[in-house]
Colleague: 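Right, I'll just put the structure down here and ask away after.
The first residue of the sequence shown is numbered 1, and numbering continues consecutively from there. On a predicted model such as this, the values are computed, not experimentally measured, just so you know. No hydrogens, no waters, no symmetry mates; every other heavy atom, side chains included, goes into these values.
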Amino acid sequence: MSDMINVDLVDLDLSADTKEAAARALAERMVALGRVTDLDGFLADVAAREEQMPTGLDGGIGIPHCRSEHVTEPTLAFGRSAAGIDFGAADGPADLIFLIAAPAGADDAHLTILSSLARKLTDAEFTGALRSVTDAAAAAALIRGEEAPAADAPGAADSVAASAAASTDAATVTEGAEGGDDADDADDRVPDGPFRIVAVTSCPTGIAHTYMAAEALENAGRDTEGVEVVVETQGSAGFTRLDPAVIAAADGVIFAHDVAVREKDRFAGKPTVDVGVKAGINRPAELIAEVREKAARGEVTAAARPGSTPVDRAGEPGEGYGTKLRKWLMSGVSYMVPFVAAGGLLIALGFAIGGYQINEAKSVTEHFDWGQVDSWGALLFQIGAAAFGFLVPVLAGYIAYGMADRPGLVPGFVGGAISLTIGAGFLGGLVAGLIAGGVVLAIQRIDIPPVLRGIMPVVVIPLVSSAVVGFLMFVVIGKPISEAQNALTDWLNGLSGTNAVLLGILLGLMMCFDLGGPVNKVAYTFATAGISVAAPSDSAMKIMAAVMAAGMVPPLGMALATVVRKKLFTTAERENGKAAWVLGASFISEGAIPFAAADPLRVIPASMAGGAVTGALTMAFGSTLRAPHGGVWVTFLIGKPFLYLLAIAAGTAVTAGLVILLKGLRGPVRGTESSEAPGGATTATTGTKQAVAA
């Protein structure tokens, strides 16, 4: 913070009587230092941020802030008002005013300033020192942390929500909050401190939903008096474990996940709420209230039994087999997706560089000419084909892992590899993974003498389970599955005319139903399985094209709607609409989630209608696609690209038109806000009682 504030950015006698005047007085100091290039433009951005939710905090603190294209570098200005200025805090006017300015797009800088400042404001000694300091230079030094507050400084009122201070490297800290009074009715918190909640979020791809749910839970915790929430995000790139001391001190646990929570035993013995990841996005305040109620009733989860599995330990008591099966399958899909993306795009690039005969090229180990384009095309194709070769084994291995933890990996991978060998393909991998997990679970339930337990995980379980799975796949069920796979392939190859269009409509509806959720993933996995062979059929590539085109429509449709009828959307939704253009063009359906979460009865039907139109047109036009991802950025790899883009445009127009019509019948919406999440992802929050903590 040393470069963000100096003596020229401090006003200890702020004479403004409104928050607008206070912001202008402090912003003028930024303009004088060249930190802000357009005063009015910057103040408009500050005002837009204020419209989303009040920036006043309990304890006499106001933190107006924004990201703006008129800011040249992250800057903090401080003003002290003797009379107090109303920034919307419940406990009255603010006398300590902090204006925070960050350059547009500088999310990391913006969040760093906010979280660093919030941590300081939790210290009553620090805020007391700011109220008593008489010199502007000393005030700037205090804020920069260069001068310790005087030990006898006057005390301060309660400061900013304590949850900001609890932020850890594992937590997602970001601007925006979901308001709501749900948690206010929960039982009183523990008298000697806040009610501490630890949460884990995860989704099949570990990208958008994971971090949106984490943001929503943290923000809802900040909005709920007497609650601290710290989140561990378990994404596809791995996760940073919460400090064991933080878990031990927690009063409750929230799991918002669509794949098995890793190392779930760490959280045993505490009141626990276990839901899907979208519940964490859509109703975080309710989850906080629920876990507090469970704590008040004394409900806790039992410690995991020896030999139990991640999915056995997931969910509430009495959770149905169907829910567990979905989580097992999603575990496999979540680990398979990176292989699909990497392998498929490399294969597509190989075709783009070397032509569609590149799959017949010699191995690059036998022939590779540094100066020939075809050699580079063959290299990319063969690397991609190698990555694609792992799809079915990884799918099977991690389905078994979801069922039986680490011991399931070996028989799962073996079963998946056998599935490829016998031509059972994707269906064989699904079955092999489930069988492998079941066999390991059965072995783990056998009462083993203590002398043999040491060799069970490294010798006995891998040996016996692999032998059983291999026997079943080679001799018993492999051939029927292979025949079913071939029949499915023949059916797809025979699709034409009306049948193909109907399939396109169905795939479009599935892609847009839950915007990256399980139904979306079923359609996507079905499409990628068809192109995961060395020479995919024309029908398989048409299906892939229809799936990707339909998945692009919801965010593009929402983005278009926010441009055509701005009055139907809040300021924050219009900002999310700008991001949705890029997300939609990149085939990230989750870009429409903020809109769907805030208004599902209008947004989801409109998205499904547009997706169905796009899927049908893409199949009717006969567009093909070999790449499993990429959006418009891989248009040069698409067969009949202009008709393909026309299908996307038509679906986008249908979605935008329908959502405008449905929202227009209701009129302008108020009280529904959305905020941008880290890394370009977005989240949606609703409610009218909202407070800022980041």
Colleague: If you define the side chain from C-beta out and look only at heavy atoms, does anything of K542 sit under 4.5 Å from T624?
Modeller: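 Yes; the side chains approach each other to less than 4.5 Å.
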Colleague: Is Q234 close to H257 at the side-chain level, that is, under 4.5 Å between some pair of heavy atoms?
Modeller: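 The answer is no, as the side chains (C-beta and beyond) never meet within the 4.5 Å cut-off.
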Colleague: So M544 and Y524, do their side chains get closer than 4.5 Å, heavy atoms only?
Modeller: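 Contact flag for Y524/M544 side chains = yes.
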Colleague: Is the shortest heavy-atom distance from the side chain of V229 to the side chain of I254 under 4.5 Å?
Modeller: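 Not touching, per the 4.5 Å side-chain cut-off.
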Colleague: Would you find a donor on one side and an acceptor on the other, under 3.5 Å apart, between the side chain of T635 and the backbone of V632?
Modeller: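 Flag set: sc T635 to bb V632 pair under 3.5 Å.
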Colleague: I need the minimum non-hydrogen distance between P411 and V440, along with the two atoms involved.
Modeller: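 Closest approach of P411 to V440: CG-CG2, 3.8 Å.
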Colleague: Backbone N or O of A256 within a donor-acceptor pair of the T201 side chain at under 3.5 Å?
Modeller: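 Checked: no pair found.
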Colleague: Is the shortest side-chain heavy-atom distance between S465 and V410 below 4.5 Å?
Modeller: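 They are not in side-chain contact.
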Colleague: In Å and rounded to the nearest 0.5 Å, what is the CD1 to CG distance from I399 to L409?
Modeller: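 If I round to the nearest 0.5 Å, the distance is 12.0 Å.
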Colleague: Identify which one of V200, D274, V253 satisfies the side chain to side chain contact (heavy atoms under 4.5 Å, CB included) criterion when paired with K264.
Modeller: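 It is D274, the one option of V200, D274, V253 that forms the side chain to side chain contact (heavy atoms under 4.5 Å, CB included) with K264.
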Colleague: What's the spacing between I638 CD1 and T618 OG1 if we round to 0.5 Å?
Modeller: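 I638 atom CD1 to T618 atom OG1 measures 9.0 Å (nearest 0.5 Å).
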Colleague: Parallel under 30°, tilted from 30 to 60°, perpendicular over 60°: which one fits the rings of W376 and F368?
Modeller: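 Rings of W376 and F368: perpendicular, over 60°.
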Colleague: Tell me every residue that passes ring pair (Phe, Tyr, Trp, His ring centres under 6.0 Å) with Y644, counting only those two or more places apart in sequence or in another chain.
Modeller: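 So Y644 forms no ring pair (Phe, Tyr, Trp, His ring centres under 6.0 Å) with any residue.
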Colleague: Could you state the interatomic distance from OG (S375) to NZ (K362), rounded to the nearest 0.5 Å?
Modeller: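 That separation rounds to 11.0 Å.
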Colleague: In terms of ring plane angle, is the pair Y335 and Y401 parallel, tilted or perpendicular, where the classes change at 30° and 60°?
Modeller: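 Plane angle over 60°, so perpendicular.
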Colleague: So does V273 get a backbone contact from the side chain of E290, meaning a donor-acceptor N/O pair under 3.5 Å?
Modeller: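 Such a contact is absent between E290 side chain and V273 backbone.
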Colleague: State, with a plain yes or no, whether a side-chain heavy atom of M511 is found less than 4.5 Å away from one of F587.
Modeller: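 A side-chain contact under 4.5 Å exists here.
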Colleague: Check ring pair (Phe, Tyr, Trp, His ring centres under 6.0 Å) between F471 and all other residues, then give those that pass, not counting sequence neighbours.
Modeller: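 In terms of ring pair (Phe, Tyr, Trp, His ring centres under 6.0 Å), with neighbours along the sequence ignored, F471 is linked to no residue.
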Colleague: Any sub-3.5 Å donor-acceptor pair from K270's side-chain atoms to A248's backbone N or O?
Modeller: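 Looks like yes, one N/O pair under 3.5 Å.
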Colleague: Of the non-hydrogen atoms in V501 and A620, which two are nearest, and what is the gap between them?
Modeller: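 Reported closest heavy-atom pair: CG2-CB, 3.9 Å.
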Colleague: Do you know which two heavy atoms are closest between G428 and M473, and how far apart they sit?
Modeller: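 Residues G428 and M473, closest heavy atoms: O-CE, 3.8 Å.
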Colleague: Please check: side-chain N/O of S482 versus main-chain N/O of G478, any donor-acceptor pairing under 3.5 Å?
Modeller: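 Side chain of S482 to backbone of G478, a donor-acceptor pair under 3.5 Å: no, none is there.
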Colleague: Yes or no on side-chain contact (heavy atoms from CB on, under 4.5 Å) for V414 and V469, after CA distance, side-chain angles and deciding distance?
Modeller: CA-CA 8 Å; V414 169; V469 172; 5.5 Å; no
Colleague: Rounded to the nearest 0.5 Å, what separates atom OG1 in T272 from atom NZ in K294?
Modeller: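 T272 OG1 to K294 NZ: 7.0 Å, rounded to 0.5 Å.
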Colleague: Nearest heavy-atom pair of G429 and A396: which atoms, and what distance?
Modeller: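 Scanning both residues, the minimum pair turns out to be O-CB, 3.3 Å.
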Colleague: If we ignore hydrogens and angles and just use 3.5 Å, is the side chain of T614 paired with the main-chain N or O of A549 as donor and acceptor?
Modeller: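 Flag not set: sc T614 to bb A549 has no pair under 3.5 Å.
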Colleague: If I take atom OG from residue S589 and atom CE from residue M552, how far apart are they, to the nearest 0.5 angstrom?
Modeller: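 It comes to 9.5 Å.
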Colleague: Among all residues two or more places apart in sequence or in another chain, which pass the ring pair (Phe, Tyr, Trp, His ring centres under 6.0 Å) test with F513?
Modeller: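 Not a single residue meets the ring pair (Phe, Tyr, Trp, His ring centres under 6.0 Å) criterion with F513.
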Colleague: Once you round to the nearest 0.5 Å, how far does CG of L502 lie from CG of L506?
Modeller: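 Spacing of CG (L502) from CG (L506) equals 9.0 Å.
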Colleague: Is there a donor-acceptor contact under 3.5 Å from the side chain of E232 to the main chain of V198?
Modeller: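 Here the side-chain-to-backbone pair does not exist.
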Colleague: Minimum heavy-atom separation for P407 and Q444, please, with both atom names.
Modeller: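 For P407 and Q444, the tightest heavy-atom pair comes out as CG-NE2, 3.7 Å.
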Colleague: Between C512 and A550, what is the shortest heavy-atom contact and its length?
Modeller: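 Looks like SG-O, 3.4 Å.
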